[in-house]
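Please read the structure below before turning to the comments.
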Amino acid sequence: MRVPAEIDARARDLRAEIEHHNYRYYVLDDPEVADAEYDRLLRELQVLEQQYPDLVTPDSPTQRVGAAPVAEFGEVRHDVPMLSLDNAFTVEDLTAFDARVRDRLESPADVEYYAEPKLDGLAINLRYVDGLLVQAATRGDGSTGEDVTHNVRTIHAIPLRLAAGAPPVLDVRGEVFMPSKGFKAMNARALERGEKVFANPRNAAAGSLRQLDPRITASRPLDMFCYGWGAIEGWTLPERHSDVIAQLREWGLKVSPEARVVSGVEGCFKYYTEIGARRAALPYEIDGVVYKVNPLRAQRELGFVSRAPRWAVAHKFPAHEETTIVRDVEFQVGRTGALTPVARLEPVVVSGVTVSNATLHNMDELERKDVRIGDRVIVRRAGDVIPEIVKVIVERRPDDAKVVRLPVHCPVCGSDVERVEGEAVARCTGGLVCAAQRKESLLHFASRRAMDIEGLGSKLVDQLVDQALVQSPADLYSLQLLQLAGLDRMAEKSAQNVIDALERSKSTTLARFLFALGIRDVGEATAAALALHFGSLERILAASPDEIQQVPDVGPVVAAHVHAFFSEPRNREVVSALLSRGVQWPEQAPKSAPTEGPLTGKTFVITGTLSAMSRDDARDRIVALGGKVAGSVSRKTSFVVVGADPGSKAQKAAELGVPVLDEDAFLGVLAAH
Ligand code: IVH
């Protein structure tokens with residue numbers, strides 16, 4: 001189909017406008033229009049191209065993900081080899097580099113350097129012919145790389161067409177990388193779906209470019225900074241490296257916003273310190289900074305040795321990753337009794353901090369990573385991230401490496417450890433008998449949003465438990481001034497402050513008290529809902545699991561935990577001891593005290609969607625007539641009310657022969673009373 005001239009012109013305008021917005025957004029990080037406006041333009045172009053397929057050009061912004069998957073990567077020979085960099089790790093290394101440069105240049109004055117971050121990704125060569133991106137290749141061995149054009153085209157920071165004035169042939173070089181935020185989000189998604197997780201952003205970037213199907217690459221958040229060039233035809237290089245980079249930017253390529261021209265080795269050190277201080281805050285990972293002699297004439301004079309230029313050096317930061325040895329794996333016990341495996345490591349400095357422990361979170365993680373005692377492992381600490389074991393170097397596993405087993409008994413109190421089938425977490429069953437759980441539960445009891453006992457921190461709690469002064473939260477209220485004052489780092493004044501804080505905390509609310517008890521799965525919101533619903537502790541103590549389930553947002557699992565907690569004689573003792581020592585709160589009328597009525601003695605279960613009212617309303621109506629509503633069907637259930645799209649409860653009712661009411665019949669029951 002012939003393309004009408006005005007359509008052709010419109011497509012051209014759209015393409016130019018979209019490219020311009022791409023440049024503002026992806027290269028300059030400074031968009032001029034809202035995303036929705038951009039999407040409209042792209043959509044309009046897509047529609048035109050669908051109507052007139054002849055309109056489609058290879059550089060059209062609609063063609064980024066257009067390529068079909070490839071069977072294998074082709075080889076690309078680089079016209080100008082892609083070199084590597086020498087590294088400088090110490091002050092001496094860098095001073096020696098600068099001395100060599102000045103010596104060769106016979107320059108008594110400070111050398112001008114172009115300084116920029118060294119990104120942790122992979123080097124790519126982009127070939128533009130007459131301004132069009134025609135090929136992208138990896139560095140490979142420096143002379144031959146892999147053709148990754150189909151994948152590189154999906155990276156929005158890379159223009160498919162350069163601005164006017166670009167030379168007929170231009171090889172641009174730079175680093176493709178994955179920004180930290182995108183990396184974390186991608187790994188979180190992979191973890192959710194049970195897919196492979198990448199150890200670091202560099203592996204993630206490399207793995208993403210080594211995909212045969214460009215649609216996969218397109219879904220990965222990749223970016224690119226250009227830092228150099230290879231073959232150029234039809235353009236005379238300017239005088240300085242910084243001039244070339246400025247020109248690349250003008251042509252539409254993305255370059256590092258952190259690059260600076262600095263003077264002499266002093267300027268280099270200053271730049272290194274400044275970037276180092278901001279390293280953790282940068283939106284991508286860097287492993288050092290690169291200095292390049294800025295005047296190109298000087299670069300030519302200096303030339304190369306083997307695979308690296310004499311005019312550039314990478315000044316490395318302390319590594320985010322190190323290898324070390326697992327000396328032991330110990331289990332820590334938390335407030336709810338959860339056992340957390342922690343690897344004790346041969347101390348190693350990782351990005352400037354000594355690391356000697358790394359959490360393994362739970363048994364699943366430990367088993368997945370297959371960490372054994374004696375293993376050589378890679379530990380990693382990036383930015384604000386706590387140290388973690390990335391992986392075991394299996395090839396270097398010693399013959400006597402020991403498999404870690406979940407202990408049968410709690411390492412703190414000796415009680416049995418239980419691991420529910422299908423759950424990652426293993427727990428000590430010792431409850432408050434376990435000193436570790438006791439300490440954590442006391443800290444929780446005293447915390448600001450619970451009983452709010454100021455001054456009762458972990459140092460004090462450790463001493464109170466270790467010296468057997470406190471077994472349960474109730475014992476806190478029997479503490480004497482002299483007992484406290486006798487402890488480490490406790491002057492009489494601070495001891496008195498703790499006594500005063502304890503006294504003040506006795507006047508509380510039922511909601512805070514319930515939260516403070518540390519019942520499994522009872523957070524602040526659930527505690528508040530329980531308090532509001534029942535109004536008094538006595539009524540909660542007397543409630544059945546079904547009655548507890550009447551509380552809004554309380555399901556069968558939480559109801560069972562609450563019921564089990566208060567059924568345990570030791571917990572009841574603690575609660576009554578707390579009350580007898582003066583813990584109190586204002587009484588409230590229950591929001592929904594059981595009413596005597598025509599439905600008294602009848603238990604309903606509601607399943608599916610009702611059209612006339614919400615399930616909450618239905619429950620309120622039943623309760624108002626003296627009935628009960630339960631969450632699950634049993635032989636004791638009087639009626640199952642079945643709305644639209646009922647769950648398995650309707651089936652259960654049929655199995656047990658429990659009478660079923662459809663919505664009309666249910667409304668009839670309500671209306672009859
Ligand atoms: S210049 C001839 N500049 O580091 C100069 N490289 O260790 C060659 N890299 O293969 C490279 N950021 O992948 C240069 N700002 C930067 C860089 C950088 C990262 C990588 C690049 C290179 C490797 C050498």
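In each ligand, atom 1 is the first atom listed, and ligand 1 is the first ligand listed. Every heavy atom of this structure was used, including side-chain atoms; hydrogens, water molecules and symmetry mates were not. The first residue in the sequence is number 1, and the count goes up from there.
- For the pairing with H241, the ring-ring contact (aromatic ring centres under 6.0 Å, His included) check across W229, Y113, Y291 returns one residue only, W229.
- Under a 4.0 Å criterion applied to the non-hydrogen atoms of A123, ligand 1 contributes the atoms 10 (O), 13 (O).
- Within the 4.0 Å heavy-atom criterion, the part of K292 lying near ligand 1 is the side chain and not the backbone.
- Remark: of the listed residues R279, R381, R380, R279 is the sole one forming a side-chain hydrogen bond (donor to acceptor under 3.5 Å, both in side chains) with H320.
- For Y227, there are no ring pair (Phe, Tyr, Trp, His ring centres under 6.0 Å) partners, not counting sequence neighbours.
- Residue contacts with ligand 1 for E175 involve side-chain atoms from C-beta outward but no N, CA, C or O (heavy atoms, distance under 4.0 Å).
- Protein heavy atom in closest approach to atom 12 (N) of ligand 1: L119 N, 3.2 Å.
- When non-hydrogen atoms are compared, ligand 1 lies under 4.0 Å from the side chain of V290 (C-beta onward) but not from its backbone.
- The protein non-hydrogen atom at the shortest distance from atom 8 (C) of ligand 1 is L83 O, 3.8 Å.
- Note: an N/O pair closer than 3.5 Å links K118 and ligand 1 by distance alone.
- When hydrogens are left out, the protein atom nearest atom 18 (C) of ligand 1 is Y227 CE2, 3.5 Å; that is the closest non-hydrogen contact.
- D79 places a side-chain heavy atom less than 4.5 Å from the side chain of R127.
- Distance CG/N294 to CD/E239: 10.5 Å, rounded to 0.5 Å.
- Contact analysis puts P117 in contact with ligand 1, with a non-hydrogen atom separation below 4.0 angstrom.
- Classified by interplanar angle (parallel below 30°, tilted 30° to 60°, perpendicular above 60°), the ring pair F177/F225 is tilted.
- Partners of R104 under the salt bridge (charged side-chain N to carboxylate O under 4.0 Å, His left out) rule, at least two apart in sequence or in another chain, do not exist in this structure.
- Under a 4.0 Å heavy-atom criterion, M82 is not in contact with ligand 1.
- The shell of residues lying under 4.0 angstrom from ligand 1, judged by heavy atoms, includes P309.
- Among all protein heavy atoms, the one lying closest to atom 5 (C) of ligand 1 is L85 CD2, 3.9 Å.
- Aromatic rings of F183 and F198 (six-membered ring for Trp) have centroids beyond the 6.0 Å cut-off, not under it.
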